[in-house]
Amino acid sequence: MPSSLEAKLLYKTRRRILPSTPFFSPCPFLMASRPSNPSPSLLFLFLFLFMTSSGIAARKMTHLHFYFHETVRGPGATSIVVASLHKNSSTFGDIHVFDNALRESADPSSKLIGRAQGLAASSSLTDLSALTAINLVFTAGKLNGSTLSLFGRVEGVTGPDDRSIIGGSGLFRLARGYVLSRTVNASSTGYIVEFDVYVKHYY
């Protein structure tokens, strides 16, 4: 039979061993469990709630309707050819720069709401189509100071044309969308083009 000193030493040894042995744990519910990775669905829910509360997810669709007035001849010309390699009827390679009026209607005296500033490069060997890059600069109402940037192909005066909105500024920061346009009047001095703009934006 162990002495009292041996019994005390044995008791202390058991106290050191038992907590480290799960099977002998006196309080198994207090044992630390290994942390698990958060589920993807929980992370997605947290991200969605953060975006909603911060206003990032408040994306909306806006439809704008107006008319593009271009004058190609005369002292008030708003579109000019800045580069041309041809002396014949071919227009391939020609580059046009313009600063055209945007108005509420097809009437040239209707309210001015902005400018269409950009360039067009004749890029087809077989027709009058061109590659265009345009900034729609708004100067009236709540859109004053905001812009939309569009890029794409136009098919001369035949249309209708479908171009992409690739960005913007002001109320149209981070904008994406598309523009449908068609020529409603063509003459020797210029063109009037109807624009329907469909844009998604956050502001």
Rounded distance [0.5 Å steps], [atom1] in [X] versus [atom2] in [Y]:
X: T91; Y: L125; atom1: OG1; atom2: CG; answer: 9.5 Å
X: F68; Y: T78; atom1: CZ; atom2: OG1; answer: 7.5 Å
X: S79; Y: R73; atom1: OG; atom2: CZ; answer: 10.5 Å

Give the minimum heavy-atom separation between [X] and [Y], together with the two atoms involved.
X: G114; Y: L112; value: O-CD1, 3.4 Å
X: F172; Y: S146; value: CD1-CB, 4.0 Å
X: V81; Y: S84; value: CG1-CB, 4.0 Å
X: V197; Y: I165; value: CG1-CD1, 3.6 Å
X: R115; Y: L102; value: O-CD1, 3.5 Å
X: I166; Y: R176; value: O-NH1, 2.7 Å

**OP:** Evaluate the side chain to side chain contact (heavy atoms under 4.5 Å, CB included) criterion for residues D161 and T132: first the C-alpha distance (whole Å), next the side-chain angles of each, then the deciding distance (0.1 Å), finally the verdict.
**Re:** CA-CA 11 Å; D161 300 306; T132 64; over 6 Å; no
Subject >> T62 vs H201 side-chain heavy atoms within contact, under 4.5 Å >> reply: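 When only atoms from C-beta onward are counted, H201 and T62 do touch, with a gap below 4.5 Å.
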**OP:** Go through the side-chain N and O atoms of R153 and S129 and say whether any donor and acceptor fall under 3.5 Å apart.
**Re:**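 Judged by distance alone, the side chains do pair up.
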**OP:** Compute whether any side-chain donor of one residue and acceptor of the other, for N135 and S149, lie under 3.5 angstrom apart.
**Re:** yes
Count I, L, V, M, F, W, Y as connected when their side-chain heavy atoms are under 4.5 Å apart, and connections chain through other members. Are [X] and [Y] then in the same cluster?
X: L150; Y: I192; answer: no
X: V193; Y: L64; answer: yes
X: F151; Y: L119; answer: no
X: L131; Y: L128; answer: no
X: V199; Y: L143; answer: yes

**OP:** Quick one: name the residues clustered hydrophobically with V137, using the 4.5 Å side-chain heavy-atom rule over I, L, V, M, F, W, Y, and just say none if it's on its own.
**Re:** none
Original post:
Taking it one step at a time, do V72 and Y191 satisfy side chain to side chain contact (heavy atoms under 4.5 Å, CB included)?
Top reply: CA-CA 8 Å; V72 297; Y191 305 91; 4.2 Å; yes
Original post:
Quick one: does S124's side chain have a donor or acceptor within less than 3.5 Å of a partner on D127's backbone?
Top reply: yes
Original post:
Sub-3.5 Å donor-acceptor pair from the side chain of S105 to the main-chain atoms of S110, do we have one?
Top reply: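 Checked: no pair found.
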Subject >> Pair H69-N100, side chain to side chain contact (heavy atoms under 4.5 Å, CB included): steps then yes or no >> reply: CA-CA 6 Å; H69 292 252; N100 297 326; 5.9 Å; no
Subject >> For F195, the option from Y178, Y67, F66 that meets ring-ring contact (aromatic ring centres under 6.0 Å, His included) >> reply: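 For F195, the ring-ring contact (aromatic ring centres under 6.0 Å, His included) test succeeds with only one of Y178, Y67, F66, which is F66.
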Original post:
Is the number of heavy atoms from other residues, nucleotides or ligands within 6.0 Å of CZ (F92) greater than 12?
Top reply: yes
Original post:
What do the steps show when you test F138 against L171 for side chain to side chain contact (heavy atoms under 4.5 Å, CB included), and what is the final call?
Top reply: CA-CA 11 Å; F138 298 99; L171 294 177; over 6 Å; no
Subject >> S181 vs R163, side-chain hydrogen bond (donor to acceptor under 3.5 Å, both in side chains): CA-CA, chis, key distance, verdict >> reply: CA-CA 8 Å; S181 61; R163 285 171 282 184; 3.0 Å; yes
**OP:** Describe, in one word, how the ring planes of Y198 and H63 are oriented to each other, choosing from parallel (under 30°), tilted (30 to 60°) and perpendicular (over 60°).
**Re:** parallel
**OP:** Kindly state each residue pair satisfying salt bridge (Lys or Arg N to Asp or Glu O under 4.0 Å) with at least one member in residues 179-191, sequence neighbours excluded.
**Re:**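 Checked against salt bridge (Lys or Arg N to Asp or Glu O under 4.0 Å) - neighbours excluded - the pairs reaching residues 179-191 are R182-E194.
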